[in-house]
Amino acid sequence: MNTVLDLIEAFRRSKVMFAAVKLGVFDRTPITAERLAAELPSDPRATALLLDACVSLQLLHRDEDLYRNSSDADRYLRKNSPETVAGYVLYSNDVLWRLWAHLDDAVVEGSNRWPQAFGTEGPIFSHFFKTEESMRTFLMGLHGLGQLGSPAVVAVHGLATCRHFVDLGGGTGHLALAFLDRYPHAKATVFDLPNVIPLAREMTRGRVECIAGDFFADPLPPADCYAVSRILHDWSEAKIAVLLDKIHAALPENGVLLIGEMLLDGDRRGPVAAFMQSVNMLTCTEGRERTAEEYEALCRRAGFREFRAIRTGNPSDSMLAVK
Ligand code: SAM
């Protein structure tokens with residue numbers, strides 16, 4: 001029963017945090033409820049209620065009537081903190097919340113909820129990137145997660161022999177930057193859709209080459225190490241096969257493919273975070289999360305001769321396939 005009661009209110013905890021981030025609470029502390037209500041402006045009674053709920057969640061501390069960020073909130077929820085994941089919270093609030101509202105229909109129909117929640121049709125990334133603002137919200141959200149997870153995705157495999165690292169669908173370039181931090185003498189490139197490239201350039205500040213293209217339709221820039229981070233989980237097995245065949249064909253002998261994804265356990269009983277991400281993929285993509293065995297089968301089918309999967313304990317696990 002405790003599990004059931006906990007899950008009945010679990011979404012309320014998330015939404016309290018989402019609303020507080022959206023209203024900029026963690027950017028305005030230390031502050032009183034009265035002052036915050038005057039600044040926003042917002043209803044004073046409701047504002048105090050939200051702030052006290054944040055105290056109960058240990059996102060804020062209250063001293064007399066002054067509210068301050070907890071250390072986690074200050075580190076991860078304040079928008080200008082270097083380690084912020086506020087972007088991913090905003091994306092969860094503004095986009096995922098609305099898609100997840102129709103999860104039951106997604107299960108019945110087996111498809112993402114963009115048309116139902118937002119009234120849009122077309123390829124997946126036309127939804128994510130419907131406006132410049134929605135594209136930034138999504139990619140900056142992933143950037144925050146990437147800053148937490150990408151260093152480990154790179155670090156757990158020895159990539160010292162790689163000379164040119166090409167991150168396919170590399171977004172803001174956090175993985176390419178993590179690679180360069182570890183291997184400063186190598187070259188790194190982000191290859192992504194044309195409208196992402198200005199943001200990739202902005203975020204990588206000249207350290208990474210940024211090339212516009214479509215990894216399904218265009219030739220891949222030559223490399224001895226390709227990376228796909230949170231890419232394969234967007235797509236069906238058939239589309240993954242097309243992409244992996246293309247990557248395998250473009251690599252030299254002994255070239256490698258680095259894969260960053262959350263791994264499901266082989267017995268498909270956990271971890272919870274990976275299953276929640278898999279359900280999330282149902283609501284917004286054509287894909288799902290997979291086990292290491294499933295990724296290995298996909299890579300071996302494309303011709304890769306070695307495969308290794310390592311759990312990082314971070315938001316992204318790490319796999320390496322060798323040609
Ligand atoms: N790799 C980044 C990360 O780990 O945060 C971004 C992952 S995001 C889920 C998927 C990325 O793939 C986006 O940056 C998107 O623009 C890019 N993408 C989607 N379809 C693509 C295509 N056909 N060709 C190139 N990039 C594509």
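In each ligand, atom 1 is the first atom listed, and ligand 1 is the first ligand listed. What you see is a predicted model, and the numbers here were worked out from it, not measured in a lab. We're numbering straight along the sequence, starting at 1.
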Nearest non-hydrogen protein atom, [atom]:
atom                    : value
atom 3 (C) of ligand 1  : H174 NE2, 3.2 Å
atom 12 (O) of ligand 1 : I231 CD1, 3.3 Å
atom 8 (S) of ligand 1  : L142 CD1, 3.4 Å
atom 23 (N) of ligand 1 : D214 OD1, 2.9 Å
atom 9 (C) of ligand 1  : R230 O, 3.2 Å
atom 17 (C) of ligand 1 : D192 OD1, 3.3 Å

Contact partition for [X] relative to ligand 1, non-hydrogen atoms under 4.0 Å:
X    : answer
L175 : neither
D234 : side chain
F128 : neither
F125 : side chain
L193 : both
L139 : side chain

F179 versus A188, closest heavy-atom pair with distance: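 Where F179 meets A188 most closely, the heavy atoms are CD2-CB, 4.4 Å.
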Closest non-hydrogen atom pair, H233 against E261: N-OE2, 3.0 Å
Contact check: S229 vs ligand 1, nitrogen or oxygen atoms, below 3.5 angstrom: yes
Verify whether one side chain among [X] and [Y] offers a donor that lies under 3.5 Å from an acceptor in the other.
X    : Y    : result
Q116 : H102 : yes
T161 : R163 : no
T312 : S318 : no
E286 : N112 : no
T120 : H127 : yes

side-chain hydrogen bond (donor to acceptor under 3.5 Å, both in side chains) partners of residues 15-33, not counting sequence neighbours, each pair once: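 Output for this query lists K15-N93, K22-D94, D27-K79, R28-E39, T29-N69.
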Check: Y91 ring centroid to W97 ring centroid under 6.0 Å: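 No, the ring centres sit 6.0 Å or more apart.
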Contact atoms of ligand 1, heavy-atom distance to G171 under 4.0 Å: 14 (O)
Nearest neighbour of atom 27 (C) of ligand 1 from the list F215, W235, F138, on a heavy-atom basis: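 Considering heavy atoms of F215, W235, F138, the nearest to atom 27 (C) of ligand 1 sits in F215.
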Closest candidate by heavy atom, reference atom 1 (N) of ligand 1, pool P315, A176, P194, G169: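 Considering heavy atoms of P315, A176, P194, G169, the nearest to atom 1 (N) of ligand 1 sits in G169.
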Connected via hydrophobic side-chain network under 4.5 Å: L142 and L175: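 Different clusters.
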4.0 Å heavy-atom contact, G213 with ligand 1: yes
